[in-house]
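One structure is given here, and the rest of the page talks about it.
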Amino acid sequence: MGKVVSESIYAELRERIEALKAKGTIPGLAVVLVGNDPASEVYVRMKGKKCEELGMHSVTIAMPENTTEKELLKKVDELNNDRAIHGLLVQLPLPSHIDEKKVIYSIDPKKDVDCFHPVNVGKMLIGEPDFLPATPAGVQQMLVRSGIETKGKHVVVVGRSNIVGKPMAAMMMQKGGGADSTVTVVHSRTKDLPSVTRTADILIVAMGKPNFVTADMVKEGAVVIDVGTNRIDDPSSPKGSKLVGDVDFDGVKDKVSAISPVPGGVGPMTICMLMANTVSAAENAV
Ligand code: NDP
């Protein structure tokens, strides 16, 4: 699912990047990483590599763990004013001595390609987005480009984080293509979760609980999108661990009409939509 769909989007992005270059603009993405979180280092490397593959300008700023909030805000301000940079993101999580909210609020909304700034969250909610948050946008594109009808469908979103669940629900309830759904959001305080998930035509799961969603929680013929990315022990793998989603893929796959795998599903879509947002930011700037 995700890999094939992301390739079709990359093909379109390449054309848009060429068109920008013809006008003298190279779309530029700056990623700021504070500290040495190994997962964050991997994500940041992947973003830089993808920019290079697409012929975009990429800047990675690695700052030490003991960077002060003031120093980070100064760096964000510098990048806000750098005309070669169209998209800017600060990799989360940040060390605990730095106020994440303050940092996100300091990013110029026009460069906020993660779509975490309240201005962009608000614009998305009222249906006038400059950017869509990458992971939910990736899920939506996966549905649209796989020919899955969303209009009038009951979409159940499991999880209500600001990064995935909430924006996902807000996007699917908008008017128009790829949305127009009837949306229910469930979370850890929901009573009898399986009775709700079983009513989903499209079940989008973003919990961070490995293999949580089992076949008995899913309606026959439903579409299941698994956002979860969990590393669990696996003595049979050379690494000693493997990535799994929030859905018990093997148990669920024969009951549903479509299911996104982990890895290879939402993950590739997320980075793809981040690149798309950076290209959009560059287009908006010329
Ligand atoms: P959060 O931990 O911020 O949110 C998890 C949500 O799941 C919360 O709303 C929580 O409810 C809910 N939840 C947890 N346990 C249960 C339960 N037993 N029953 C019902 N609801 C539950 O995680 P994120 O949204 O940031 O991420 C979710 C998953 O998606 C993670 O595995 C993450 O790694 C992955 N992810 C993958 C991305 C990708 O590109 N593929 C990008 C972003 C995230 P409550 O609010 O009540 O606590």
Side-chain angles (χ1 to χ4, degrees), residues 1-6 37-40 42-43 46-47 91-93 114-116 132-143 146 148 150 154-172 181 183-190 193-219 222-234 237 239-274:
M1 233 176 179
K3 271 206 171 119
V4 177
V5 175
S6 64
D37 178 63
S40 293
V42 172
Y43 293 139
M46 280 163 60
K47 288 166 190 173
Q91 186 68 41
L92 302 180
D114 262 341
C115 194
F116 292 164
L132 291 171
T135 301
V139 171
Q140 189 177 44
Q141 282 303 311
M142 204 149 82
L143 292 169
S146 306
I148 293 164
T150 56
H154 185 205
V155 170
V156 175
V157 179
V158 188
R160 57 175 167 181
S161 70
N162 289 337
I163 293 176
V164 190
K166 275 187 209 162
M168 188 77 247
M171 283 167 60
M172 297 311 293
S181 307
V183 179
T184 303
V185 181
V186 293
H187 46 76
S188 71
R189 308 291 160 155
T190 298
L193 185 100
S195 71
V196 185
T197 55
R198 273 195 294 269
T199 64
D201 301 311
I202 300 172
L203 181 63
I204 303 172
V205 190
M207 307 169 76
K209 300 273 177 238
N211 300 320
F212 186 94
V213 173
T214 45
D216 58 308
M217 297 169 72
V218 176
K219 181 165 79 174
V223 171
V224 178
I225 306 289
D226 190 354
V227 182
T229 312
N230 311 288
R231 187 160 287 284
I232 61 165
D233 291 341
D234 177 17
S237 134
K239 273 190 187 165
S241 67
K242 65 173 178 181
L243 280 186
V244 297
D246 290 344
V247 179
D248 169 22
F249 186 89
D250 289 332
V252 167
K253 70 179 189 326
D254 295 329
K255 192 175 181 184
V256 297
S257 58
I259 180 166
S260 69
V262 178
V266 176
M269 290 302 299
T270 296
I271 191 155
C272 177
M273 300 319 294
L274 177 69

Report, as yes or no, whether the 6.0 Å neighbourhood of atom [atom1] on [X] holds more than 12 heavy atoms from other residues, nucleotides or ligands.
X	atom1	result
K209	NZ	no
K3	NZ	no
Y43	OH	no

Worked check of side chain to side chain contact (heavy atoms under 4.5 Å, CB included) between V227 and D246: CA-CA 7 Å; V227 182; D246 290 344; 5.9 Å; no
Would you name the heavy atoms of [X] and [Y] that are closest together and state the gap between them?
X	Y	answer
M172	T150	CE-CG2, 3.7 Å
A215	G251	CB-O, 3.5 Å
T197	M217	OG1-O, 2.7 Å
G245	D226	CA-OD2, 3.2 Å
M142	V5	CA-CG1, 4.2 Å
P263	L243	CD-O, 4.0 Å

State the [atom1]-[atom2] distance between [X] and [Y], to the nearest 0.5 angstrom.
X	Y	atom1	atom2	result
I271	M273	CD1	CE	12.5 Å
L132	D114	CG	CG	12.5 Å
R198	D216	CZ	CG	6.5 Å
R189	R160	CZ	CZ	7.0 Å
S6	Q141	OG	CD	11.5 Å

Please check if the side chain of [X] supplies one atom and the backbone of [Y] the other of a donor-acceptor pair under 3.5 Å.
X	Y	result
D234	K242	no
S257	A222	yes
S161	V164	yes
D248	N211	no
S237	K239	yes

side-chain contact (heavy atoms from CB on, under 4.5 Å) partner of K219, the single match among T199, D201, V156: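 By the side-chain contact (heavy atoms from CB on, under 4.5 Å) criterion, K219 pairs with just one of T199, D201, V156: D201.
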Test side-chain contact (heavy atoms from CB on, under 4.5 Å) applied to I225 and V205, I204, I259, L203, the passing residue: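 Passing option: I204.
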Could you check whether any side-chain heavy atom of [X] comes within less than 4.5 Å of a side-chain heavy atom of [Y], counting everything from C-beta outward?
X	Y	value
T184	H154	yes
M171	P133	yes
L143	I202	yes
F249	V244	no

Stepwise side chain to side chain contact (heavy atoms under 4.5 Å, CB included) test for F212 and V158: CA-CA 11 Å; F212 186 94; V158 188; over 6 Å; no
